[in-house]
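Ligands are counted one by one from 1 in listed order, and the atoms in each one are counted from 1 as well.
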Amino acid sequence: MPKIKVAIVGVGNCASALVQGLQYYSNREERELVGLRNNVLGGYRAEDIGIVAAFDIDERKVGKDLSEAILSQPNNTPKLADVPLSNVAVHKGPVLDGVGEYTKDVIRVSNHPEANVAMVLKESDAEILINLLPSGAMKASQYYAEQALISGCAYVNATPNFIASDAAWMNRFETAELPVVGDDLIDQVGSTTLHKTLLQLLSMNGVHIIETYQLDVGGGTESLDTLGRTKDLKRAVKTKSVEAALPYEAAVVAGSTDYVDFLQNRRDSYFWIKGVHFCNVPMQIDLKLSTTDAPNAGSVLFDVIRATKIALERKEKGALLPVCAYGFKHPPQLMPLELAEKMFNDFVNEEA
Ligand SMILES: NC(=O)c1ccc[n+]([C@@H]2O[C@H](COP(=O)([O-])OP(=O)(O)OC[C@H]3O[C@@H](n4cnc5c(N)ncnc54)[C@H](O)[C@@H]3O)[C@@H](O)[C@H]2O)c1
């Protein structure tokens, strides 16, 4: 049995990168661990994390072994590792609002009977449930939070739906004596982090930012779902997060804009910054960042999973602020990057 037993809901691109990443990084020499922020965290390494249960609704994934499901369409993130048979079959969960107007022709709903989710979680001995549902799946995100509470799992909400930052849900996890973290995972080389860092750097150097925007285009199913359902939500979350990087008000816009199918799982992010420096002389920055979406979530997920396990060991309950602020764009409380980093390191290295 793995030391950290994880269940995932939503076997999409992000889940694919996570599962492949676990295979890629397990049992490697220290010098081969390039690409991870923390090789060891709280004494845990990649090989200590194991996926013990998985849920989806797509007929090309349900009933399949996880190793096969992660490479099934419409997933389009690249193959990163040869994942052997996992002996974890993907269960069918309830559809609820999992399929949006724009993804109804892309996701093929399976006619398998629905699993008893809480029972599967208990029987698999899962201790952490990660929500990797489409961003528009608010009801399904809440349903799985409920199943985590029933089955005694910590809940990691990678979606932009408000769970860890919602007072009512925070209280419910607190009462159940379980940890919850979220909302909306931060990428390793993410546009939000890069945007905030650039603004902080310029502002620290005395540049006064007048206006800035960051917009991106992607080709994964998630970008399609965003187009249909969560464009405004994502824009609000990202804009608020970026605004917090400046000590004064400026015109800030940050959000996803469009879906371009041939990009596959690639995401192109465009940045525009306009400001003034010495003697009110204008300056501007025009930048493009190109990343592959799902692998961009892997390193942060590795850290969040291990930190959540540490919280479970310490019997921490409710929203874990240091983990939320470090790994998510919409934590219960926004804070500068360095403070979030420090709080996370203090939390992980705290003596039990
Ligand atoms: N870098 C990143 O990939 C990144 C960063 C931050 C946040 N996120 C968030 O992670 C989530 C997952 O992203 P993704 O790119 O893997 O999305 P995706 O669309 O590739 O995968 C979603 C999966 O959920 C499944 N699904 C839909 N409804 C379901 C239901 N009711 N029950 C079970 N499964 C269901 C779909 O079939 C699909 O397999 C999104 O909410 C996204 O906003 C991802």
Point to revise | Protein residue, atom and distance nearest to atom 15 (O) of ligand 1, heavy-atom basis | key: Glu222 CB, 3.5 Å
Point to revise | Nearest candidate to atom 28 (N) of ligand 1, where distance is taken over non-hydrogen atoms, out of Pro74, Gly98, Gly10 | key: Gly98
Check your understanding: Are Arg229 and Glu101 within salt-bridge range, i.e. N to O under 4.0 Å?
Key -> no
Check your understanding: Looking only at atom types and distance, does a side-chain atom of Asn265 sit under 3.5 Å from a main-chain N or O of Ala294, one as donor and one as acceptor?
Key -> yes
Review point. In the protein, which heavy atom is nearest to atom 44 (C) of ligand 1, and how far is it?
Key: Cys14 SG, 3.8 Å
Exercise for review: Could you list the atoms of ligand 1 found under 4.0 angstrom from a heavy atom of Pro94?
Suggested key: 30 (C), 31 (N), 32 (N)
Exercise for review: Give a yes/no on ligand 1: does Ala137 have at least one heavy atom closer than 4.0 angstrom to it?
Suggested key: no
Exercise for review: For atom 21 (O) of ligand 1, grab the closest protein heavy atom and report residue, atom and distance to one decimal in Å.
Suggested key: Gly12 CA, 3.2 Å
Point to revise | Side chain, backbone, both or neither: the part of Asp184 lying under 4.0 Å from ligand 1 by heavy atom | key: side chain
Point to revise | ligand 1 atoms in contact with Val95 (distance to a heavy atom under 4.0 Å) | key: 31 (N)
**Study point:** ligand 1 contact by Leu96, heavy-atom criterion under 4.0 angstrom
**Key:** no
**Study point:** Ion pair Glu59/Lys64, N-O distance below 4.0 Å
**Key:** no
Check your understanding: If we ignore angles and hydrogens, is there a donor and acceptor under 3.5 Å between the side chains of Lys196 and Ser241?
Key -> yes
Practice item. Cation-pi check, Arg306 to Phe302: give yes when NZ or CZ is under 6.0 Å from the six-membered ring centre and within 45° of the ring axis, no otherwise. Key: no
Point to revise | Option whose closest heavy atom lies nearest to atom 6 (C) of ligand 1, chosen from Asp58, Asn265, Leu185 | key: Leu185
Check your understanding: Relative to the heavy atoms of Thr221, which atoms of ligand 1 are at a distance of less than 4.0 Å?
Key -> 19 (O)
Check your understanding: Can you find an N or O of Asn296 that's nearer than 3.5 Å to an N or O of ligand 1?
Key -> no
Exercise for review: Ignoring angles and geometry beyond distance, decide whether Lys329 reaches within less than 3.5 Å of ligand 1 through its nitrogen or oxygen atoms.
Suggested key: no
Review point. So which of Leu301, Thr159, Thr226, Leu133 gets nearest to atom 40 (C) of ligand 1, if we judge by its closest heavy atom?
Key: Leu133
Check your understanding: What are the atoms of ligand 1, with element, lying closer than 4.0 Å to any heavy atom of Val9?
Key -> 33 (C)
Exercise for review: Side-chain contact test, heavy atoms from C-beta onward, threshold under 4.5 Å: evaluate it for Ile273 versus Leu199 and give yes or no.
Suggested key: yes
**Study point:** Region of Asn13 engaging ligand 1 - heavy atom pairs below 4.0 Å
**Key:** both
Check your understanding: Excluding sequence neighbours, so at least two apart, what forms ring pair (Phe, Tyr, Trp, His ring centres under 6.0 Å) with Tyr259?
Key -> none
Check your understanding: Is the closest side-chain donor-acceptor distance between Asp268 and Ser290 under 3.5 Å?
Key -> yes
Check your understanding: Is Lys139 salt-bridged to Asp97, cutoff N-O under 4.0 Å?
Key -> no
Exercise for review: Report yes if the side chains of Phe55 and Tyr144 come closer than 4.5 Å at any heavy-atom pair, otherwise no.
Suggested key: yes
Exercise for review: Taking the side chain as every heavy atom from C-beta outward, state whether Pro74 and Lys61 have any atom pair closer than 4.5 Å.
Suggested key: yes
Check your understanding: Can you tell me the protein heavy atom closest to atom 39 (O) of ligand 1 and the distance?
Key -> Asp56 OD2, 2.6 Å
Review point. Quick one: are Leu18 and Ile70 in side-chain contact, heavy atoms under 4.5 Å?
Key: no
Review point. Near Lys234, which atoms of ligand 1 are under 4.0 Å from a heavy atom of that residue?
Key: 43 (O)
Practice item. Please confirm whether Lys92 comes under 4.0 Å of ligand 1, counting heavy atoms of the residue only. Key: no
Point to revise | Best match, Val90, Asp187, Leu233: closest heavy atom to atom 5 (C) of ligand 1 | key: Asp187
Practice item. Report yes or no: do Ser141 and Asn161 form a side-chain donor-acceptor pair below 3.5 Å? Key: yes
Review point. Using a heavy-atom cut-off of under 4.0 Å, does the side chain or the backbone of Asp97 touch ligand 1, or both, or neither?
Key: neither
Check your understanding: Considering only heavy atoms of Ala297, which atoms of ligand 1 have at least one such atom less than 4.0 Å away?
Key -> 1 (N), 2 (C)
Exercise for review: Side-chain contact test, heavy atoms from C-beta onward, threshold under 4.5 Å: evaluate it for Arg267 versus Ser223 and give yes or no.
Suggested key: yes
Point to revise | No-hydrogen, no-angle side-chain donor-acceptor test under 3.5 Å, Ser151 and Gln147 | key: no
Review point. By number and element, which atoms of ligand 1 are closer than 4.0 Å to a non-hydrogen atom of Ala158?
Key: 7 (C), 8 (N), 9 (C)
Practice item. Please determine if Ile107 has a nitrogen or oxygen closer than 3.5 Å to a nitrogen or oxygen of ligand 1. Key: no
Check your understanding: Does some non-hydrogen atom of Lys61 fall short of 4.0 Å from ligand 1?
Key -> yes
Check your understanding: Of all the non-hydrogen atoms in the protein, which one sits nearest to atom 22 (C) of ligand 1, and at what distance?
Key -> Leu132 O, 3.5 Å
